[in-house]
Amino acid sequence: MRRRGLSRRDVLKGSTAIAASVFASPIAAAAPEPSSITPALIEAARKEGKIVWYTSVDLPVAEKIARAFEVKFSGVAARVERSGAERVFQRIGQEYGSRIHAVDVVNSSDAAHFIVWKRDGWLAPFVPEDVARHYPPEHKDPDGTFATWRAWLSVIGYNTKLVKPEEAPKSFADLLDPKWVGKIVKAHPSYSGTILTATYQMARDLGWDYFEKLAKQRVMQVQSSADPPKKLALGERAIMADGNEYNLFLLKESGQPVEIVYPTEGTPLIVGPNGVFRDAPNPNAARLFQSWMFTNEAQQLMVEIGGLRSFHALVKEKPGRKPLREIKLMKDDPVAVERESEAIKARYTQYFRV
Amino acid sequence: MSVASPARTARPARIDFSQPVLIAFAAVLCVLIALPLSWLVYFGFTDRTGAFTLENFGRLLADPAFVEPLLITLVIAISVGVICCLVAAPMGWLVARTDMPFRRTVRMLVMASFVTPPFLGAVAWELLAAPNSGLLNQAYRALTGASPDRHLFDIYSLPGLIFVIACYTMPYVFVLVSNALDRIPGDLEDASAILGGRTADTARRVTIPLVLPAVLAGALVAFLQAMTLFGSPAILAIPAGFHTMTTKIWSLFHYPPKPELAAAASLPLLLLTVVLLRAEHAILGRRGYSVVGGRQSDPRLVRLGALKWLALAFCFVLLLNPIFLPYGALLNAAFSRVASQVLSPGNFTLHNIEFVFFELSATKLALKNTFLLGVSAATIGTVFALVIGYVTARKAVTHWRALEFLATAPVAIPGIVLGVGLFLSYSRAPFILYGTLWILLIAFVTISLPAAYQQLQSAFRSVHSELEDASRILGATRLRALAGITAPLLRTGVIATWCFIFVGVIRELSAAIMLFTSETKVVSVLIFDLNESGDLAAISVLGIMMLVITFAVVILANRIPGFSGGVRLRDA
């Protein structure tokens, strides 16, 4: 009950719960039959003409994916509504609280959000063919309301013009060295789902006193986990304490002076599921979009141009990037994040003051 | 929009629609202002079950995380008020009362800084004065050979924030002071000179006392602007690790939203604003207006001699800060591969332009919304201000003072507070406007009404009522007389007001950030979102485009056929 907000949301939940019990008496229903992309679906999607995708993936990546979809299915415009995952979550809650159903498909970097949306009955059960055939069971909802669209890590990074490789931090503990005072940039768990998820894993594995000490390093506090890599590339700060691995891949591959460090304590793993909303204003386009997003083609594209990681069995990792299996990972735990989200944000604000 | 202009309602019949129309306007105003404020008070004083409580305030006062932002906000507001007066008042005097060259250009440039949204200025100053990547700090290190971790400026700091806010608040003080100086007749100064007073004596004993009310009013406006600004603190204070009241109120809407605390935190801002406005009234009273009006001679220009070039240099050095440097940084970032590198053939790119116009799917919608809202808010706001300004200037109905109060009351409501109030009012039955452009339109009209009203009311006062009286004696209704006689005489003021509101809508972020949905996003919110993920180059492109559109609209509005007369925004 910790994540309950406005009372009107509770009222809304009550009413959807009643509706759910009326219309779906076998509540324990398993996932629906997998759906493929049929000409009829494409035609129906074209009639709707657009799809609105709420996501927290870095904007240039999101827009490239959306443009690729538009090229593939001409006549269906894909609009990206990009914000930090925690703000996307708040926005959808606020919009649904006022009966505004603007979102078709959602992608969040805080997997815990899907627990809440599913519990509230806001997600439509829909299983794309590729998800059924090529995804490991731990990366799809048993009831078919979402599946992991992307995965990535929250890593340490440094600017190679400002820091020599041998002097670079190797671990989270190294970031507490006094020599990094005033040189660290870091994103915020009240805005970014990536950082909320990473903060949970790090507080669990390293203890909160790590953050208490880190806060004394005079870190530059930004919002999105996509921002620290950009601040590194600008040369604004030498070190990033957390942020997206995929932005660093992209910046590095375009010749920017940035380097990734996978900390010795383990690297937080972030999964970003995709789901279709039950009250999507463009239900067919939403299903077409969702189906295409999980195809080998779209997943490979996401890896190539987005620097993200895929759990699609046929997708190949890009040469030159460290394969996921070689990295020591911290374990993700959306259920615990869902339970502790509010406490994490409060404690973080207490240490970092914003 | 659907609000009929009074001229059209009156024409067909000879019935005098004045009273019903005026009552309707008063009713609309009441709803516009009273509804959000009552919800705010209600939420501030109740718990989630709706029972009366003071606990929200107790929680705020007991928590240092709320008290500190309040103190920081006061420090910012006072500093900005003082800095603006020290800088803008002398500039206003130089432009209005001396023979300094390029006075018109200086006026125009100050107006350009007024048109620049403060949040855009804040982003530009990030590009210029971020401690490590800022262009100015890079230049400093290159020139002095200082080590890479030395810096001259740190924009992510309290002084940095105060500086940036002052840059874009200064025009308010400048306009008030230079307009007051324009209006103060030269007679008194001439008298002083004839009686043997030297220039310095005249300035000290005549000009300064006359202009002091305007300076004080300017300080107050600057204080209020700085206190209620959202964009610049959100962009600069959070990286620096502190909150102001506005960013704190905004953060209370983060998940899980705490509207009752946001409402409670809004009320001190509201109260402080009301107290300050009352204080200004008490201090200044009627003093400011006693010399204005009647027959007057043109003011004498003080001859500065050789000093005039020094004065000009002073103005241009000051204008580096809100105009030349930030615009330069934005242009640089728009075309540069890396925003923190100076443009060269090696890193020139059109990619950012391409991204904003062809890849960013929110651009078109945000531009359309902004333009639509700007034009409709400006039109509706001007009509409102015209009608109310007329009624109060001519004392046309018995309770005109109430109308005047309603029209000026929004001055006391900071944008973010109004945003919270409007969200609470219009996201529930019976008025569900949240999610539509209407709620933003209401916000923008409400926010811009006081200034628009002040401006048109003083314009009405300058038009003598005898022409209207003649028309009414000949049988025209009041509205007919207004439309046929007074309105044409007021067109300069009307256009200036329209432009003022339009520019205000473009600049507005604090209410919009509370009220937008994905379908009703405006450019200011889009820029704010882009800033959160660090897409500075895209912001630069969007920002420059927004400035170009704003300037084009202002220039076009001033060139409408039949509306000649060289309207300058300074009249705003």
Side-chain angles (χ1 to χ4, degrees), chain A residues 3-8 52 54 58-60 63-64 66-67 77-84 86-87 89-91 93-95 97-100 102-103 162 182-183 188 190-191 218-224 226-228 230-231 233-238 256 341-342 345 349-350 352-354, chain B residues 48-50 65 68 126-127 130-134 138 148-149 156 234 237-243 247-248 251 253-259 337-341 355 358-362 365 423 426-428 432-436 516-521 529-536 538:
Chain A
R3 289 181 74 122
R4 288 298 142 94
L6 287 168
S7 55
R8 59 186 165 72
V52 181
Y54 282 34
D58 190 33
L59 188 62
E63 296 287 7
K64 280 197 187 85
R67 294 301 83 75
R79 210 178 79 234
V80 173
E81 179 65 25
R82 192 268 161 201
S83 187
E86 303 308 308
R87 279 191 62 198
F89 185 68
Q90 184 259 350
R91 177 134 303 284
Q94 194 167 309
E95 290 182 355
S98 300
R99 308 276 200 281
I100 297 168
V103 50
L162 301 172
K183 301 196 168 173
H188 202 294
S190 289
Y191 176 86
R218 287 204 289 119
V219 300
M220 175 184 186
Q221 181 70 67
V222 296
Q223 305 279 303
S224 168
D227 200 5
K230 294 172 192 173
K231 290 284 181 282
L234 288 175
E236 181 45 46
R237 288 292 187 272
Q256 300 294 327
S341 147
E342 200 178 336
K345 290 173 187 171
T349 305
Q350 185 193 328
F352 288 86
R353 294 175 65 232
V354 283
Chain B
R48 281 180 185 181
T49 60
E68 197 185 277
E126 274 187 295
L127 293 167
N132 301 300
S133 60
Q138 289 186 55
D149 47 1
Y156 303 116
I238 292 173
F242 64 88
H243 270 297
T247 60
K248 192 72 205 176
S251 77
F253 266 77
H254 288 173
Y255 196 86
K258 305 174 193 71
R337 227 178 278 278
V338 181
S340 61
Q341 284 173 6
F355 175 73
F358 300 106
E359 286 185 24
L360 186 58
S361 45
L365 185 70
F423 175 76
Y426 297 114
S427 61
R428 64 195 66 232
I432 300 184
L433 295 181
Y434 176 63
T436 66
F516 82 98
T517 56
S518 58
E519 297 291 324
T520 55
K521 209 175 240 190
D529 279 354
L530 287 169
N531 181 67
E532 285 182 336
S533 50
D535 295 304
L536 300 180

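The chains referred to below are lettered A, B, ... by the order of the sequence lines, with proteins before strands, and numbering in each begins at 1. From a predicted model like this one, the values you see are computed outputs, not experimental measurements.
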Is any side-chain heavy atom of [Y] closer than 4.5 Å to one of [X]?
X        : Y        : result
A:Leu162 : B:Asn132 : no
A:Ile100 : B:Glu519 : no
A:Arg91  : B:Phe516 : yes
B:Pro131 : A:Arg237 : yes

For a side-chain contact (heavy atoms from CB on, under 4.5 Å) check, start with the C-alpha distance between A:Lys64 and B:Glu359, then their side-chain angles and the critical distance, and finish with the verdict.
CA-CA 7 Å; A:Lys64 280 197 187 85; B:Glu359 286 185 24; 4.2 Å; yes
With a 4.5 angstrom heavy-atom cut-off, which part of [X] approaches chain B: side chain, backbone, both or neither?
X        : result
A:Gln256 : side chain
A:Pro228 : neither
A:Glu95  : both
A:Ala77  : neither
A:Val103 : neither
A:Arg353 : both

Just how far is it from atom [atom1] of [X] to atom [atom2] of [Y], taken to the nearest 0.5 Å?
X        : Y        : atom1 : atom2 : result
B:Phe253 : A:Gln94  : CZ    : CD    : 6.5 Å
B:Glu126 : A:Glu236 : CD    : CD    : 8.5 Å
A:Ser98  : B:Leu433 : OG    : CG    : 10.5 Å
A:Tyr191 : B:Ser251 : OH    : OG    : 15.0 Å

Between B:Asp529 and A:Arg82, is the closest basic N to carboxylate O distance under 4.0 Å?
no
Atom group of [X] that falls short of 4.5 Å from chain A, counting heavy atoms:
X        : value
B:Tyr434 : both
B:Ala339 : both
B:Glu68  : side chain
B:Asp149 : side chain
B:Ile238 : both

Go through A:Lys231 and B:Ser133 one step at a time and tell me if the side-chain contact (heavy atoms from CB on, under 4.5 Å) criterion holds.
CA-CA 9 Å; A:Lys231 290 284 181 282; B:Ser133 60; over 6 Å; no
For the candidates B:Gly534, B:Ser533, B:Ser340, which exhibits the highest count of non-hydrogen atom pairs separated by less than 4.5 Å from chain A?
B:Ser533
Who among B:Lys258, B:Lys248, B:His243 has the most heavy-atom pairs with chain A under 4.5 Å?
B:His243
Who wins among A:Ala66, A:Gly235, A:Ala78 for the most heavy-atom pairs under 4.5 Å with chain B?
A:Gly235
Find the one option among A:Val219, A:Leu59, A:Val52, A:Val222 whose heavy-atom pairs under 4.5 Å with chain B are most numerous.
A:Leu59
For a quick test of reading the model, state the closest non-hydrogen atom pair linking [X] to [Y] and the distance between them.
X        : Y        : result
B:Ser518 : A:Tyr54  : OG-OH, 2.5 Å
A:Val354 : B:Phe242 : CG1-N, 3.3 Å
B:Ala362 : A:Glu63  : N-OE2, 4.4 Å

Might you work through the side-chain contact (heavy atoms from CB on, under 4.5 Å) test for A:Asp227 and B:Glu532, ending with a clear yes or no?
CA-CA 7 Å; A:Asp227 200 5; B:Glu532 285 182 336; over 6 Å; no
Quick check against the 3.5 Å criterion: does A:Lys230 have a side-chain atom that pairs as donor or acceptor with the backbone of B:Asp535?
no
